[in-house]
Every structure is written in structure tokens, then in C-alpha cells.
Participant: 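One structure is given below, represented as C-alpha cells, and several questions about it will come after.
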Amino acid sequence: MASSKDNVTSKQKNKGEEISSIWDNVTAADLKEIEQFSEGYIEFLTIAKTERKVLDYVRMEAGGNSLHDLSKPYPNRRISGFLQHHKKLLGLFRQGKASVEEGFNIIVAHGDSPRLDLKPKCIYEDGTLGLLKTNLYGGLKKFQWLARPVALWGFSALKDGRTIDYTFGERSQDPVLTITDILPHMDRKIQREKRLTEAFPAEKLNVLAASRPLPGKANDDKKRIKGALVKILYDKWGIREEDLISSEIEIVPAGRARQVGLDGSFIGGYGQDDRLSVYTGAKAFFSQSRPAKPLLFIIFDREEIGSYGTTGANSNFIERLASAAFEASGLEPKWHSVLKSLSLSRAISADVECGRDPTFKEVIDELNSARLSYGPCLTRYTGGTAKYGASEAAAEYMAKVRNIFDSSGIRWQSSLIGKQEEGGGGTVALTLAEYGINIVDCGAPVLSMHSPFEISSKADVWMTFKAYAAFFEKA
Ligand code: MN
Ligand code: MN
């Protein structure tokens, strides 16, 4: 892959971050590369709308890159491989020239995105309509999910051990689903005069699913519309109503990710937080076939709800992955050796940043804002006001990462999420920092974050890939 180094003058290079828009500094060859990279990314966003699908995609690439499944027997030599948990948390390991005992170059991202899940008991009818009850997952703005086409992505585990994977509402010939809203003529008391946080109760986010009852007598109380819904589930996918208790069914925005803008310079789509980092991180990982240091790339789950659970960053997965990497290197994963190796490691928490939106300037600290098309953001600390809940990268580590980027011709910027006392947010950086790992947040700026249609810049997506590759290569 060509480097953009040649396009950066030495004067600009010395200055490092925040020079000018990437678009001002690309060659015709770069532009072609940007378009190609965007195409692949748009396709990925379109086919990987759940954490399981994200992992399917990356695992497939891992197989193509001859990574062994480290949970299974493998040849008795130094190998690279992957480890997963519940097919919702995945870690990739690549051997480096240096020993794993000296630490890893690590990039971590998350594969989950804010969404609506169907509740275990979700099918009901009311009046003439059949509906599905949802449960919020992650910090979404509820009103953004009303009156728009949504799709259903399901995974059911049956008692006999079979699993069933299904999608509804994505093919153009399929019907879609939707969540209804009240007309403005009648919303005065229940929405307009209320505070936003109270105007859209979570329990009102019901998916409109059916209206045609099973055959029967009018006015009988046999719940014939619910019956019809139950029958559709069985006819389409072989799922009985009780199987919904062991199902993960996600309601996500329907339709393809798209190019956006009259100039087509943006990418719009659901789940760019944090699949932008997953895609660019995975591509960067696979671009390094013989790195100097051993590499880890981890896609955590459950980041959007606080990283709890067996597939979240708060689990002991990183210890198990590092131990597996020791074994795959012919070394005994002694507890203190693994912990020492982690403490010597260098990491990036790859997560998207709040982009500067001129329409919402009032929450942005101009000096530290993340500008679209200025490259990935190095965010020294996240958290809330007064740095609560923040893992702050040490000055020396910031200097190291700056140097890596500048010496690789990476266009990047230093940024913070926004003004103090306006809110805040955190990432998995905190969890890794607990092992003494040097870690900094670094990801592309996006607009409309956590919405059904998040916006990124094609130039940033491409440069983020290059930044992650430079980190894997040189950290
Ligand atoms: Mn995120
Ligand atoms: Mn998020």
C-alpha cells in the first residue's frame, strides 16, 4: 500500500498534527485508494449489522490469513492465531520478531452498537395489530428510531443444540419493519409539552409486525394475530415462541450504508461506532505479515452498555488471549510472565470520536474539536467533567504515538470529546489501563454518533487504517 508520506512537505511534517484537510494533500493514486477502501467499508457496514456478523467477517479474513484457532490443537511450532468467546468477542494474535515476553502492540475496538433487542417474551397483539416488544441496548436517542424502516437480525439457539441465523427486512424485495410514532396533531400532551427524556418512554418502542389474523371467527378472543405471528416465525425459520427465550434478535436500521454528500465525500450508515475502528483495525492487522513486535487485535462486545458480561472488556479475555499467545510461541504462560508482558505492552483504544458539527458548536471546545477529514483523533483522555472515569495516557506515551504517526506520514489530530460539563463518554481504555498497559484513544471523528445513520469522512476512514497500520508496525 502506498504511503502518503511523499505528499507531506518537511515543514508540514515537523508541525505534526492539524495541518490541513486530508483532501488538500492527496494524489490521484491516493484518491483511488480512498474510494476503493470506502467501497469495502460500505459493504462491511451493510452486511455486518450485529456483533456476531462483525466477528464472522473478521474471522473469515483471519482464516484467509492462516491464523489458527488457538482453542483447538495446532501444529507444534510458533504460530499466529485467534481466540474467541461465544462468537461475540474475538482476539487476533500475530507473531512478531520479538518475543511475546517483551509485550504486544495492541489495538482494541468494539463490535457492538446501540440498538433495540427483542425482549425474551415479545410477541403480543393489541386491537387489530401484532407487535413486538423491544429492549434498549446502549445509549440511543429513542425518537430517532420511530417512523423509519428497521430490519430484524436474529440468532436462535434451540434446546436440541441447533442454532438458526436469520435476517428480515434487508433485501429490497422484502417487507421491512417499523416502530410507529404519534401524528403531530395529537402529540401535544404526550410528547411536545414533555421533556425529551420523558416524551419517548422505552416501553413505547414497539415494532409493528402484523395485522392479518389466522383464520377464525371475528370477535373470538383467540389472539389470532399473535397466533399468525407465531406461525410466521415457525414457517420462516423453524422457531417456536418459547425459543425466543434463547434468541438474540436485534432491531437495526434497514438498508445499505451509503456514500453521502453532493461530492460523495462522506460515508453514512448504522454502526460506525465502532465498526469503523473494527474494519480499519482488522485491515491494519492483516496488512502486517512480519511485524517487529507481536500484535494483538481485539474486538470486544458490550462496550455500549459498560463492558460488562462474559464478552465485555471487563472479562478476563485479554489475560487468556495473552496466555494463548505465549503457548502459541512455545512458552509456558506463567502468571507473572503474562502480566509482565501486558504491562510492557503498547495499546490503542480504537473508538470513534465526536466530530465537530458546526450546527452544534455550543457543546464543542473549538480548540480541541475533532474536525472531519483531518484524520484520526488522538484523544489523551475521555471520561466526564474533571476527568472522572478517564484513563489518561502519559505524556511520554503521547510523544511515542505522535512520533510513530509523524514518521509514517499520518495525518492526525489531537482532540477531546467536547466542552466540560456538557456530558462525556468513556471507552475500554480504562480496562486495559488496569494492566499497566500504555493506552491512548485513537479513532476517526463521526457526526450523528449513536444514530441510525452515522457519518464519517472517507478520507478519515482511510487515514485511520494507515494510522493503525503504522502503530502495529512501529510501536
Ligand atoms: Mn464506541
Ligand atoms: Mn458508542
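Order of appearance sets the numbers: ligands from 1, and atoms from 1 within every ligand. Position 1 is the first residue of the sequence, and the numbers go up from there. No experiment lies behind these values; they were computed from the predicted model shown.
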Participant: Listing by chain and number, which protein N, O or S atoms are under 2.8 Å from the Mn ion (ligand 1)?
Facilitator: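 His110 NE2, Asp273 OD1, Asp351 OD1, Asp351 OD2, with waters left out.
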Participant: Determine, for Arg302 against Asp112, whether the closest basic-nitrogen to carboxylate-oxygen distance falls under 4.0 angstrom.
Facilitator: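 No salt bridge links Arg302 with Asp112.
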Participant: Sort out for me which residue in Asp301, Asp273, Val278 forms a side-chain contact (heavy atoms from CB on, under 4.5 Å) with His110.
Facilitator: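 Single pass found, and it is Asp273.
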Participant: Only one of Arg52, Arg115, Lys53 forms a salt bridge (Lys or Arg N to Asp or Glu O under 4.0 Å) with Glu248, so which one is it?
Facilitator: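 Filter result, single survivor: Arg52.
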Participant: What pair of heavy atoms forms the shortest contact from Ser287 to Ala284, and how long is it?
Facilitator: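 Residues Ser287 and Ala284, closest heavy atoms: OG-O, 2.6 Å.
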Participant: Scan residues 383-392 for pairs that pass side chain to side chain donor-acceptor pair (under 3.5 Å), counting only residues two or more places apart or in two chains.
Facilitator: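 Sorted result for residues 383-392: Arg380-Glu392, Lys387-Glu392.
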Participant: Applying side-chain hydrogen bond (donor to acceptor under 3.5 Å, both in side chains), run through Asp243 and Ser156 and close with a yes or a no.
Facilitator: CA-CA 7 Å; Asp243 297 328; Ser156 295; over 6 Å; no
